[in-house]
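Worksheet for the structure shown next.
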Amino acid sequence: MSDGGGSPSGRWPRQHGRVTETIDVLAGLVAAGGVVVLSGAGLSTESGIPDYRGPTGVARRHTPMTYQTFTRSAVARRRYWARSHLGWRTIARAAPNDGHRAVARLQGAGLVDGVITQNVDGLHTAAGSRQVVELHGRLDGVVCLDCGDRTARGDLDRRLAAANPGFDATVGTVRPDGDVELDDDRVAGFRPVDCGPCGGMLKPDVVFFGETVPADRVSRCFTMVDQARSLLVVGSSLTVLSGRRFVLRAARRGIPVVIANQGVTRGDGYAALRVDAPLGRVLPALADRVAAAVPGAPAATATPVAS
């Protein structure tokens, strides 16, 4: 199947129309169980973390750091760590929102088998989800590219603060990778730190643009999709192949794909069901509908979804 679109697969017909009616159809699909969730940055916007391409997106104004630039340029590394040192605090303070909690509720009811997330904020795990594959790593970890030593981001934060006493600035736009807008003159005086054990190059334990996702991680995700009854995409424009490949995989195997996202996505042509509404309302409403239909499913009160 080509990457440009195609017919939705599986027994579920393509659905359009009122949001409430579409969620009712989605609830019937989820109640059958065997759901794998694929999430993107749009799920975390209601936790105060902007996405790249949705309503709060910053992609048009910002080119994310690439692996090649980071590893080849000391100036680029200084700029990244100076800006990320400030932006990390916003990511660290972020808490799961109603969408994250709804996914965890569905998993607690035995209906979601696992979560594949393109996000690096750790909020699925914080909300109580299990079997979470963090495709692009987590921003709360740091790895040495020379010796492989891994440390907590909080430890690095303290080391950077000690190396840069008095460093502070007004934080502008915070991006999903923890980077922020910062004037060049503020960056110039910043002092990065090296690996404690070996003095090597430190990097956040995330997959930068231009970097390859570890093969074993991708393989685990493909296995999850292959064993799923349905794939539920939430908060992703599917612009990057890193996440879109799982939609393509499901479509090729006749596994129904459902997409809940504000705005169009590059996977819409494969979707058997499409919901365009705020996820902080859609997902709790979905969890409540399923709870009413499935004995023993955790119940909670959801914010009404506008049609």
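Just so it is clear, the structure is predicted and the values come from calculations on it, not from any experiment.
- Taking NE2 of His85 as the reference point, atom CG of Asn164 lies at 6.5 Å (rounded to 0.5 Å).
- Closest approach of Val213 to Leu135, counting heavy atoms only: CG1-O, 3.4 Å.
- Although no hydrogens or angles enter the test, the distance criterion places no donor-acceptor pair under 3.5 Å between the side chain of Arg79 and the main chain of Val187.
- Gln118 and Gly40 make their closest contact through NE2-CA, 4.0 Å (heavy atoms, listed as atom of the first residue, atom of the second, distance).
- Put simply, the side chain of Arg229 does not reach to within 4.5 Å of the side chain of Val35, judged on heavy atoms.
- Separating the OG atom in Ser84 from the CG atom in Leu139 is a distance of 5.5 Å, to the nearest 0.5 Å.
- Within the 3.5 Å criterion, the main-chain N or O of Thr66 finds no donor-acceptor partner in the side chain of Thr69.
- Residues Arg245 and Val225 are not in side-chain contact: their nearest non-hydrogen atoms beyond the backbone lie 4.5 Å or more apart.
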Would you sort out whether Leu286 and Val30 count as a side chain to side chain contact (heavy atoms under 4.5 Å, CB included), showing the intermediate values?
CA-CA 9 Å; Leu286 169 64; Val30 171; 4.2 Å; yes
Residue pair Leu231, Val258: steps toward the side chain to side chain contact (heavy atoms under 4.5 Å, CB included) verdict
CA-CA 6 Å; Leu231 178 65; Val258 177; over 6 Å; no
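- For the pair Asp113 and Gln131, the tightest heavy-atom approach, listed with the atom from each and the gap, is O-CB, 3.7 Å.
- With hydrogens and angles left out, the side-chain atoms of Ser237 and Thr265 include no donor and acceptor closer than 3.5 Å.
- Side-chain contact between Cys195 and Cys147: present, with at least one pair of heavy atoms (C-beta onward) separated by less than 4.5 Å.
- With sequence neighbours excluded, the residues forming a side-chain contact (heavy atoms from CB on, under 4.5 Å) with Arg138 are Thr125, Glu134, Asp140, listed by chain and number.
- Summarising the geometry, atom CG belonging to Leu232 is positioned 8.5 Å from atom CG belonging to Leu106; distances are rounded to the nearest 0.5 Å.
- For the pair Arg77 (side chain) and Phe70 (backbone), a donor-acceptor distance under 3.5 Å is present.
- Residue pairs that meet the side chain to side chain donor-acceptor pair (under 3.5 Å) test with at least one member in residues 197-206, sequence neighbours left out, are Arg150-Asp205, Lys203-Glu211.
- One hydrophobic cluster holds both Leu241 and Val257 under the rule that ILVMFWY side chains link at heavy-atom gaps under 4.5 Å.
- Atom CD1 of Ile23 is separated from atom CG of Asp288 by 10.5 Å, given to the nearest 0.5 angstrom.
- Two residues are said to be in side-chain contact when any heavy atoms from C-beta on lie closer than 4.5 Å; Val275 and Ile259 fail this criterion.
- Arg244 CZ to Thr239 OG1: the interatomic distance, rounded to the nearest 0.5 Å, is 7.5 Å.
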Given Val233 and Asn261, is the side chain to side chain contact (heavy atoms under 4.5 Å, CB included) satisfied, shown in steps?
CA-CA 8 Å; Val233 181; Asn261 185 67; over 6 Å; no
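- When the shell of 6.0 Å around CD of Gln68 is examined, it contains more than 12 heavy atoms from other residues, nucleotides or ligands.
- Taking all atoms of both residues into account, the shortest heavy-atom contact from Val103 to Ser129 is CG1-OG, 4.0 Å.
- Considering only heavy atoms from C-beta on, Thr45 stays 4.5 Å or farther from Asn97 through its side chain.
- Between Trp81 and Pro204, some side-chain heavy-atom pair lies under the 4.5 Å cut-off.
- Remark: the backbone N or O of Gly99 is not paired with any side-chain donor or acceptor of Glu46 at under 3.5 angstrom.
- Of the residues listed (His100, Met224, His124), the one engaging Val115 in a side chain to side chain contact (heavy atoms under 4.5 Å, CB included) is His124, and it is the only one.
- Considering only heavy atoms from C-beta on, Asp149 stays 4.5 Å or farther from Val143 through its side chain.
- You'll find the ring centres of Phe190 and Tyr80 outside the 6.0 Å limit.
- Nearest heavy atom pair, residue Cys198 against residue Cys144, reads SG-SG, 3.5 Å.
- No side-chain donor-acceptor contact under 3.5 Å links Ser47 to the backbone of Ile49.
- With a 4.5 Å cut-off on side-chain heavy atoms, Leu202 and Asp194 do not count as touching.
- The closest donor-acceptor contact from the side chain of Asp146 to the backbone of Met201 lies under 3.5 Å.
- Scanning for ring pair (Phe, Tyr, Trp, His ring centres under 6.0 Å) contacts around Tyr67 gives an empty result, with sequence neighbours left out.
- Remark: side-chain polar atoms of Asp268 are not paired, donor with acceptor, to backbone N or O of Val264 under 3.5 angstrom.
- Between the side chain of Arg153 and the backbone N or O of Gly141, no donor-acceptor pair lies under 3.5 Å.
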As a quick check of understanding, evaluate side chain to side chain contact (heavy atoms under 4.5 Å, CB included) for Arg83 and Leu86, giving each step before the final call.
CA-CA 6 Å; Arg83 303 192 314 194; Leu86 297 174; over 6 Å; no
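- Across all non-hydrogen atoms, the minimal contact from Leu123 to Ser44 is CD1-OG, 3.9 Å.
- Taken from CZ in Arg159 to CG in Asp157, the straight-line distance is 11.5 Å, to the nearest 0.5 Å.
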